[in-house]
Amino acid sequence: MTLAPMTPLAAMPSPSTAVWQLGPVPIRAYALCIIVGIVVACVVTEYRLRRRGVAPGAVLDIAVWAVPAGIIGARLYHVITSPEKYFGADGQPLKAFAIWEGGLGIWGAVAGGAVGAWLAARQLGIPLSVVADALAPGMPLAQAVGRLGNWFNNELYGGRTSLPWGLEVHVMDPDNPGRALRDDAGSPVLQPGLYHPTFLYEALWNVGVAALVLVLDRRLRLGRGRAFALYVMGYTAGRFWIELMRTDEANHILGVRLNVWTAALVFLGALAYFVRVRGPREYLVPIGEPTVPATPAGDVSQVDLAAREPAAATVAPEGYRVVTEDQFRAYRETGALPPTEPTAADDADRADDADRADDADRADDADRIDDADRIDADAGRAADADRADADAGRADGGGRPADRDS
């Protein structure tokens, strides 16, 4: 008796084309997925920044710095951790700049993007922890969208499987990047068997991480970068086991893929930060009074009240200062800025002023004492002179009475 080979009842297909030509311009699915992911992250971050008091449009100013820095960091991490592809005897150094062919490391993207966000936040006067916490749920959503690019590229899959969601993988044409190799009949060539869609596992895991951050952030009211640390912990926990399933080429340390070690170390760092850092959620109010739109000059009766006036343009403040949640709510309800809390620098200035005042008082007291001493000395000398004159008068009169008419 022979058993028939087990044939999967269902399978997940893969696209045979990842690049489309729009005239001379190639449109790459991988790039489109990254762009859509960036847009998703910006929309979520903008919404959360506004709810913390940041002026509308700030996320665009941050993205101008963070996105290019993130892409550069992602590519640098990939090139540094896979140097044999670009350097050495068989390497092609110029390929290190071919980002459109894939090869972006999320670890470098987060590090580079953090540097860019920090530079932008300094210019806007926003604490980096506020930006990070606002980005926390948007970042995994962006990664989930970006992983669809790996599906188009027929990459980042795992080992063989017979599960119903097993992935069909095409053999990509090395001479025609972005397109599957075709046989003599013109049909795309598939690799034998089905494979674990690890890119899909990671995408679904990232959506779950975004939901986890939103729920716990709402319940625990996380602040000071702890929401971002929670995202990092959630992502690296999933990346650890998903990375162990992948079968694509990677450098190994002690027989384990490099990204597995990276995920473990980053998880521990984020956990330490989450446990040690404490503090309430940060809210921001602008520095200085808000701009009041000018009223039109002239006779009020000549103003067309039926015409809709254009909305006043939103002017970004010079900076922000951190307030409590109660102060922020009061500011939103009344429009009155909360009083400025004394800072350590202010206390030091007041102490210096007090010291200078004490020094001035002591100097004044010393001057008054000197003046009193001089007055006493002059009075003493005058008394001595009077006594001397009296003694001289007695000596000249020889005991005669003094002339009353003189």
Side-chain angles (χ1 to χ4, degrees), residues 31-74 104 106 108-147 149 206-207 209-218 221-232 234-235 281-288 290-291 311-323 325 328 331-332:
L32 289 177
C33 291
I34 292 178
I35 293 173
V36 173
I38 292 173
V39 171
V40 171
C42 287
V43 170
V44 174
T45 305
E46 171 74 5
Y47 174 78
R48 288 169 61 84
L49 283 176
R50 290 192 188 187
R51 292 179 63 86
R52 283 158 176 76
V54 179
V59 71
L60 297 179
D61 296 326
I62 298 172
V64 167
W65 287 85
V67 171
I71 293 175
I72 293 173
L104 298 175
I106 183 61
V110 173
V115 173
W118 174 71
L119 293 173
R122 285 195 61 185
Q123 293 182 354
L124 297 173
I126 305 174
L128 181 60
S129 59
V130 174
V131 177
D133 284 338
L135 176 64
M139 190 70 178
L141 291 177
Q143 292 174 252
V145 176
R147 280 303 178 204
N206 286 334
V207 173
V209 170
L212 175 68
V213 172
L214 286 172
V215 171
L216 291 185
D217 184 41
R218 179 176 298 178
R221 311 199 71 76
L222 301 173
R224 300 188 63 188
R226 298 182 75 215
F228 190 82
L230 179 63
Y231 143 69
V232 174
Y235 171 72
R281 178 183 291 176
E282 299 156 303
Y283 292 87
L284 305 178
V285 296
I287 295 176
T291 303
T314 302
V315 180
E318 298 178 0
Y320 300 88
R321 59 186 176 93
V322 178
V323 296
E325 185 174 356
F328 180 72
Y331 166 70
R332 281 293 179 90

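Position 1 is the first residue of the sequence, and the numbers go up from there.
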| request: Could you check Arg48 against Asp133 for salt bridge (charged side-chain N to carboxylate O under 4.0 Å, His left out), going step by step and ending with a plain yes or no? | output: CA-CA 9 Å; Arg48 288 169 61 84; Asp133 284 338; over 6 Å; no
| query | Side chains of Tyr47 and Pro137: closer than 4.5 Å at any heavy-atom pair? | reply | no
| Can you tell me how far the OG1 atom of Thr45 sits from the CD1 atom of Ile38, to the nearest 0.5 Å? | 11.5 Å
| task | Please name the pair of heavy atoms, one in Ile126 and one in Ala58, separated by the smallest distance, quoted to 0.1 Å. | result | CD1-CB, 4.4 Å
| Closest heavy-atom contact between Gly149 and Cys33? | N-SG, 3.5 Å
| Between atom CZ of Arg226 and atom CZ of Arg281, what is the distance when rounded to the nearest 0.5 Å? | 11.5 Å
| message | A side-chain contact here means heavy atoms from C-beta on lying under 4.5 Å apart; do Leu49 and Ile62 qualify? | response | yes
| said: For the CZ atom on Arg332, are there more than 12 heavy atoms of other groups (residues, nucleotides or ligands in this structure) within a distance under 6.0 Å? | reply: yes
| field | Minimum-distance pair of heavy atoms, taken over all atoms of Leu128 and Ala114 | value | CD1-O, 4.5 Å
| request: Indicate whether the side chain of Tyr231 and that of Gln143 have a donor and an acceptor atom separated by less than 3.5 Å. | output: yes
| note | When rounded to the nearest 0.5 Å, the distance separating CG of Leu222 from CZ of Phe228 is 13.5 Å
| Quick check: does any side chain N or O of Glu46 sit under 3.5 Å from a backbone N or O of Gly57, one acting as donor and the other as acceptor? | yes
| request: Find out whether Ile34 and Leu104 are in side-chain contact, i.e. whether some heavy atom of one side chain is under 4.5 Å from a heavy atom of the other. | output: yes
| query | How far apart are the closest heavy atoms of Ala121 and Val131, and which atoms are they? | reply | CB-CG2, 4.3 Å
| message | Testing the basics here: between Ala63 and Pro68, what is the closest heavy-atom pair and its distance to 0.1 Å? | response | O-CD, 3.5 Å
| At their closest point, which heavy atom of Gly225 faces which heavy atom of Ser129, and how far apart are they? | N-CB, 3.7 Å
| query | Got a second to check how far Arg51's CZ is from Phe328's CZ, nearest 0.5 Å? | reply | 9.0 Å
| said: Less than 4.5 Å apart, side chain to side chain, heavy atoms only: is that true for Tyr235 and Met139? | reply: no
| Side chain to side chain, Val322 and Leu284, heavy atoms closer than 4.5 Å | yes
